[in-house]
Amino acid sequence: MTDDVGSRWQLGPARVLHLALGLIAVSLLVRSWVAARSDFYWDDLILNGRGGSLPLLSADLLVYDHDGHLMPGAFLVAGIATRIAPYQWILPMITMIALQAAASYAVFRLLRKILGLLPAVLIPLALYLFTPLTVPAFAWWAAALNALPLQIALAWVAGDALELCRTGRRRYAISAILVTVAGLLFFEKSVVVPFVAFATVALLAHVDGAPRPLWSTLRRGAPLWIGSGVVLGGWAALYLFTVESQFEWAGPSRAFQLFHHATSLGLVPTLLGGPWTWDRWIPSPPWASPSPALVVVSWLVLLAVVVATMRSKRRIGAVWILTAGYFLLSVAAMVVTRWGADTTYELAQTLRYFTDTAVVLAIGTALIVRAPARGPVPVPFLTRPVVAATVVAAFVVGSLWSTYTFTRSWAENPTTDYLTTARASLAEHQDAALLEQPVSIWVLLPVAYPNNLVSRVFAPLPDRPAFADSTDRLRMLDDSGKLVDAQVTWVRSLEPGTVPDCGHLVDQRSFVPVALDGPLTGWEWTVQLNYLASADGELSVAMEVGDPVRVPVHRGLNSVYVRLTGGGQSLRVKTLTPDLSVCVGVGPVGVVVPK
């Protein structure tokens, strides 16, 4: 009976391969379910809006400072998807799943090079495939276009570096450099890829007991390190030229709190499959909200594993130090680039700023498993097959629960209903131009200006009204996305003119001042211009201080609504059409609100 049970755990390479592929397949099914329950959110609208309104290969689209990110590859993918099917979730969903499949294979490829097709390879593989650490970045398309190419590059380049140092074949250096370039096109954090690859090769040599591991790694991988240095130098020059610096020190107290939220309330509980519960303030993304008990238990388990492995394995101290260092470096990058006066500590608990740590954790776990034991010691309890399988299964179950609870919270997305309603309403009302306005604050906050304007967000839609500086019928999108009739508030009004039965007579090509009943500060204002025109033609209208806009007018008594930027105590109006005479009457100047 004992021999029979033992034989069940004698897994050959073929069975290990089948199990590994099965784990990858299951994880992709789970991620497909997550993607199917996701939808466009926040930065996705910026990617769609810019991708659908700018030339696909233009510098304006690709070489763009997006909130401190330089990500031409992400904008290119978004532009292609938007042109094929604007605001259809199916293409973002396919790209997310395809990138996750590539990342999963790249990690398995690397782990196989470290551990071979031994049963132990399933442990770090399961850790990467199911950890909740990577779920928040995966579920958000814009974040996935950053995070997943970085994960692919981390694993693939490390695998190529191992093969380069083992075989000396230059093709591995070439492919690794090309993958590094691809990673940089999607996320500037890919600058860490060659360093992680170097550390992986050097640590593997170290745990194997090779002499002078740093020197041998440097010498054997020289083609890769030199090529990567050239690439990183060129990329750094482009990045610094394109992106405005956003570094800001939060101060020691606030920095410590961000580190605490990222570590105790963020990463550490995920090592046990946590956090299991998430909180959210809509429209912000969900953040990990583990119970105090889970936080304490997670730290105790982590410390116990560190102590147990250090006592039972040789030459793994550097593995632990560099793995922890990578995570802390990621948190430090978040602290100095994402801190601001309105930043909350929960930002660190959204996990997306260090999702790539999952790849590094898998590498570190594989290196620790590979490291030699400290002499002829008894088999540790946790490494016995039944116990190890039970622990991994418990981790997967906990991780799946965390994935489920995250998805349930993430599904509360006001953008979904807003986009659905707006698409239908804009397609239904194409008879009059639509003035510029921001989208609902539940979809994009004003900090996203000018990418939060309706002309940017809805530019890719084929069925919609034109966006213009003036319109004969005033409408606006309400917070639900419905196009409704609107009116101009009376912040100021046009003073009555002095020409009898006319008001202000505009019949020449020089500006005629139309006085307001009080001054206006520089801002974006809407004017209701009530006029009587002698013929069809065009006017030029501007604030006293501000740029003019061209306004079509029609013969007879009409009203036109004009959006102007500027301020002062009057409007400037002139005709652009010869022999056109226009009488301008009293009307409001203010902001647009639903009628």
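Below, each value reflects all heavy atoms present in this structure, side chains not excepted, and no hydrogens, waters or symmetry copies.
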Asks: Does atom CZ (F195) have a neighbourhood of more than 12 heavy atoms from anything else shown, all under 6.0 Å?
Replies: no

Asks: Who pairs with W215 by side chain to side chain donor-acceptor pair (under 3.5 Å), at least two apart in sequence or on another chain?
Replies: none

Asks: ring-ring contact (aromatic ring centres under 6.0 Å, His included) with Y105: which residues, sequence neighbours excluded?
Replies: none

Asks: Can you check whether L99 reaches F138 side chain to side chain, under 4.5 Å on heavy atoms?
Replies: no

Asks: Do W278 and L351 come within less than 4.5 Å of each other through their side chains, counting heavy atoms only?
Replies: yes

Asks: Before giving the answer on side chain to side chain contact (heavy atoms under 4.5 Å, CB included), spell out for F198 and L224 the whole-Å C-alpha distance, their side-chain angles and the decisive distance to 0.1 Å.
Replies: CA-CA 9 Å; F198 182 92; L224 173 55; over 6 Å; no

Asks: Check the pair W320 / T309 against side chain to side chain donor-acceptor pair (under 3.5 Å), numbers first and verdict last.
Replies: CA-CA 10 Å; W320 279 114; T309 54; 3.1 Å; yes

Asks: Answer whether the closest heavy-atom distance between the side chains of T323 and F327 falls below 4.5 Å.
Replies: no

Asks: Can you list the residues that meet the side chain to side chain donor-acceptor pair (under 3.5 Å) rule with Y41, with sequence neighbours excluded?
Replies: none

Asks: Within a strict 4.5 Å, meaning less than it, do heavy atoms of the F108 and L17 side chains meet?
Replies: yes

Asks: State the CG-CZ distance between L164 and R166, to the nearest 0.5 angstrom.
Replies: 11.5 Å

Asks: Below 4.0 angstrom, N of the basic side chain to O of the carboxylate: do R109 and D160 qualify?
Replies: yes

Asks: Ignoring hydrogens, what is the shortest heavy-atom contact between I114 and L367? Give both atom names and the distance.
Replies: CG2-CD2, 4.2 Å

Asks: What verdict does the side chain to side chain contact (heavy atoms under 4.5 Å, CB included) test give for F130 and T403, after you've listed the backbone C-alpha separation in whole Å, the side-chain angles of each residue and the deciding distance to 0.1 Å?
Replies: CA-CA 9 Å; F130 295 99; T403 301; over 6 Å; no

Asks: Taking L294's backbone N and O only, do any of them form a donor-acceptor pair with S291's side chain (distance below 3.5 Å, no angle check)?
Replies: yes

Asks: Using modelled atom types only, decide if a donor and an acceptor are shared between the side chain of D279 and the backbone of A288 within a distance under 3.5 Å.
Replies: no

Asks: Can you tell me if S402 uses its side chain to pair, donor with acceptor, with the backbone of G273 under 3.5 Å?
Replies: yes

Asks: State which residue, out of I174, V157, L184, fulfils the side-chain contact (heavy atoms from CB on, under 4.5 Å) condition with V179.
Replies: V157

Asks: Are Y87 and F40 near enough that their ring centres are under 6.0 Å apart?
Replies: yes

Asks: With a 4.5 Å heavy-atom cut-off, do L258 and Y345 have their side chains touching?
Replies: yes

Asks: Check this for me: R212, atom CZ, are more than 12 non-hydrogen atoms of other residues, nucleotides or ligands nearer than 6.0 Å?
Replies: no

Asks: Counting N and O atoms only, with roles assigned by atom type, does the side chain of T405 sit under 3.5 Å from a partner on the main chain of W276, one being a donor and the other an acceptor?
Replies: yes

Asks: F75 versus P72: any side-chain heavy-atom pair under 4.5 Å?
Replies: no

Asks: Can you pull the salt bridge (charged side-chain N to carboxylate O under 4.0 Å, His left out) pairs that have at least one residue in residues 168-195, sequence neighbours excluded?
Replies: K189-D356

Asks: Please state whether the rings of F406 and W410 are parallel, tilted or perpendicular, taking 30° and 60° as the class boundaries.
Replies: parallel

Asks: Does a side-chain heavy-atom distance below 4.5 Å link L129 with S104?
Replies: yes

Asks: When you measure from the side chain of R315 to the backbone of H206, do you find a donor-acceptor pair of N or O atoms at a distance under 3.5 Å?
Replies: yes

Asks: What's the shortest heavy-atom distance between P92 and T95, and which atoms?
Replies: O-OG1, 2.6 Å

Asks: Quick one about T407 and W33 (side-chain donor to acceptor, distance below 3.5 Å, no hydrogens or angles considered), yes or no?
Replies: no

Asks: Within the side chain of S190, is there an N or O that forms a donor-acceptor pair under 3.5 Å with the backbone of G183?
Replies: yes

Asks: Of all the heavy-atom pairs spanning I316 and A371, show the shortest one and how long it is.
Replies: CG2-CB, 3.4 Å

Asks: Would you give the length of the straight line joining atom CZ of R374 to atom CZ of R311, rounded to the nearest 0.5 angstrom?
Replies: 10.0 Å

Asks: Can you tell me how far the CH2 atom of W156 sits from the CD atom of Q151, to the nearest 0.5 Å?
Replies: 15.5 Å

Asks: Could you check whether the rings of F256 and H260 sit parallel, tilted or perpendicular, using 30° and 60° as the cut-offs?
Replies: parallel

Asks: How far does CZ of R280 sit from OG1 of T350, to the nearest 0.5 angstrom?
Replies: 12.0 Å

Asks: Atom OG of S32 and atom CE of M96: how far apart are they, to the nearest 0.5 Å?
Replies: 9.5 Å

Asks: Does the side chain to side chain contact (heavy atoms under 4.5 Å, CB included) test come out yes or no for L271 and L302, once each step is laid out?
Replies: CA-CA 8 Å; L271 301 178; L302 176 59; 3.9 Å; yes

Asks: Please report the shortest heavy-atom distance between I177 and G227, naming the atom on each side.
Replies: CD1-CA, 3.6 Å

Asks: Closest approach of P136 and P132, non-hydrogen atoms and distance?
Replies: CD-O, 3.3 Å

Asks: Can you name the closest pair of heavy atoms from I368 and K313 and give their distance?
Replies: O-CE, 3.3 Å

Asks: Tell me whether R370 is salt-bridged to D208, with the criterion being a basic N under 4.0 Å from an acidic carboxylate O.
Replies: yes

Asks: Please identify each residue that fulfils side chain to side chain donor-acceptor pair (under 3.5 Å) with R31, with sequence neighbours left out.
Replies: Q100, T134

Asks: For F259 and L328: C-alpha separation, side-chain torsions, deciding distance, then whether side chain to side chain contact (heavy atoms under 4.5 Å, CB included) applies.
Replies: CA-CA 8 Å; F259 272 93; L328 294 177; 4.2 Å; yes

Asks: Evaluate the side-chain proximity of M71 to L47: yes if any heavy-atom separation is below 4.5 Å, no if none is.
Replies: yes

Asks: Is there a donor-acceptor contact under 3.5 Å linking the side chains of T217 and W225?
Replies: no

Asks: Nearest 0.5 Å please: distance from the CG atom of L29 over to the CD1 atom of I97.
Replies: 9.5 Å

Asks: Is there a donor-acceptor contact under 3.5 Å from the side chain of T131 to the main chain of Y128?
Replies: no

Asks: So, using side chain to side chain donor-acceptor pair (under 3.5 Å) as the criterion, who are the partners of T415 when residues are at least two apart?
Replies: N413

